Amino acid sequence: MDFELTGEQRTLMQTVKSFVDHRVEPRMREIEIENRIPDEIFAEAAALGLYGISIPEEYGGSGLSRLERTLVHQMLGRSGFGFAGALASHTGIGSDALVSIGSPEQKQRYLPRMASGALRAAFALTESEAGSDAGGIRTVARKKGDRYVINGVKRFISGGARAGLITVVARTNADQSARQFSVFLVEPSFPGFRVGEVYETMGSRGHPIVELVFEDCEVPEENRLGPEGDGWLAAMKTLNEGRPLVAARCVGACERLIEISTEYARSRRQFQRALGDFQAIQFMLADMAMRTEAARWLTYHAAVEADSGQLRPQTVSIAKLFASEALAFVADAALQIQGGTGYIADNPVGRFYRDARVTRIYEGTSEIQRMIIGRALLRA
Ligand SMILES: Cc1cc2nc3c(=O)[nH]c(=O)nc-3n(C[C@H](O)[C@H](O)[C@H](O)COP(=O)(O)OP(=O)(O)OC[C@H]3O[C@@H](n4cnc5c(N)ncnc54)[C@H](O)[C@@H]3O)c2cc1C
């Protein structure tokens with residue numbers, strides 16, 4: 001398998017890296033405290049075309065390949081998950097279903113504005129009774145004339161408060177035992193929609209997760225994505241395709257943490273020597289590098305498989321599981337290398353440590369990834 005990157009792909013990475021390192025990272029402490037990303041950062045991201053990476057060229061995006069999107073997300077991960085998460089919802093789970101199963105009319109109506117960043121996207125599946133067991137959702141959409149009436153409450157929805165378009169998964173049958181789900185494109189201006197609780201989180205701050213409330217929310221029939229009852233497959237495909245991007249952001253975060261840690265190990269002196277002279281510190285750096293390198297190749301492998309149209313769920317789960325656990329190890333070791341300095345609130349390592357935790361929870365917990373891998377092995 002050939003993973004050689006082209007000159008164009010390297011330039012793409014360099015452009016995003018430069019933006020993240022010089023424009024985003026210096027604002028991350030402020031973003032973390034205020035739990036809000038400044039509009040000018042979003043505007044700069046839009047000017048760079050970052051909103052359009054998942055959107056085909058005919059609708060104003062750059063239509064990047066899966067590998068190229070992976071490279072962009074890897075670079076976004078260099079500032080942790082606050083800002084990266086905002087773009088991730090938009091260019092991953094928020095837009096994937098519309099791009100893959102939307103009608104030409106639906107795409108024309110929404111994608112150009114999504115590509116320019118004028119319209120931000122979110123994805124709403126999780127409910128209080130349906131987390132890992134997504135099949136347990138209770139939000140119901142009932143057909144009434146030329147519209148659907150949606151009732152239910154979604155929770156923990158990334159960027160839901162500032163989204164202009166939300167892909168919502170709802171049950172279109174009354175019988176709780178059958179998975180007859182459909183997917184809808186909901187605009188916040190639709191009657192009966194409102195944002196509920198805004199959650200404070202320990203990490204990934206900047207694009208808060210929120211509750212979305214649907215009370216007799218009226219959605220025109222033309223906003224149903226794909227045929228009625230086919231929503232389960234669409235939702236699972238969306239999650240499956242989003243997971244390699246989570247892995248990519250983990251890899252980028254690990255790479256940044258290794259840079260910070262090696263710099264610190266060179267400059268900090270104890271016992272009249274640089275910390276990096278001690279074998280204990282070298283071993284920590286080596287273990288960080290080993291896990292990061294393995295995570296990077298597993299992630300690229302998933303991206304290449306996706307580009308070939310042969311993406312297997314277990315490839316995705318292995319990449320997401322390994323990369324998120326690698327980041328947990330790397331963030332912990334990076335903090336240990338800095339000792340008390342790492343524990344001071346405005347040290348970026350602490351932010352990465354807090355952000356890292358969620359990657360083993362969202363888009364399928366580590367336990368769910370292990371279940372997918374185990375079942376695939378047993379089926380083979
Ligand atoms: C920051 C953040 C952003 C999010 N963004 C979104 C979003 O944009 N859109 C969206 O729809 N959702 C989003 N989520 C929700 C997220 O996907 C869920 O939190 C996740 O799927 C887990 O569901 P849960 O929290 O209900 O935990 P539960 O499903 O209740 O799981 C609790 C624990 O039990 C374990 N567990 C559950 N079932 C099993 C089993 N069968 N075997 C072994 N262990 C099991 C889990 O692994 C976990 O450790 C977000 C969550 C967070 C924290």
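In each ligand, atom 1 is the first atom listed, and ligand 1 is the first ligand listed. The first residue in the sequence is number 1, and the count goes up from there. All of these numbers come straight from a predicted model, not from anything done at the bench.
Using a 4.0 Å cut-off between heavy atoms, Val358 contacts ligand 1 through its side chain alone, with no backbone atom that close. In Thr365, the part holding a heavy atom less than 4.0 Å from any atom of ligand 1 is the side chain.
Salt-bridge annotation for Glu218 and Lys144: absent, with no side-chain N of the basic residue lying under 4.0 Å from a carboxylate O of the acidic one. Between Glu25 and Arg78, none of the side-chain N atoms (NZ, or NE/NH1/NH2) sits under 4.0 Å from a carboxylate O, so this pair counts as no salt bridge.
Considering only non-hydrogen protein atoms, atom 24 (P) of ligand 1 sits nearest to Gly131 CA, 3.9 Å.
Among the atoms of Leu125, some N or O lies under 3.5 angstrom from an N or O of ligand 1. Considering backbone and side-chain atoms together, Phe123 places an N or O closer than 3.5 Å to an N or O of ligand 1.
The cationic atom of Arg120 (NZ for Lys, CZ for Arg) lies less than 6.0 Å from the six-membered ring centre of Phe42 and within 45° of the ring axis.
In this structure, of His207, Met371, Glu367, the residue bringing a heavy atom nearest to atom 42 (N) of ligand 1 is Met371.
Residues passing the ring-ring contact (aromatic ring centres under 6.0 Å, His included) test with His90 are Tyr51, sequence neighbours excluded.
Remark: side-chain polar atoms of Arg69 are not paired, donor with acceptor, to backbone N or O of Gly63 under 3.5 angstrom.
The Glu363 neighbourhood of ligand 1 comprises atoms 17 (O), with distances under 4.0 Å to a heavy atom of that residue.
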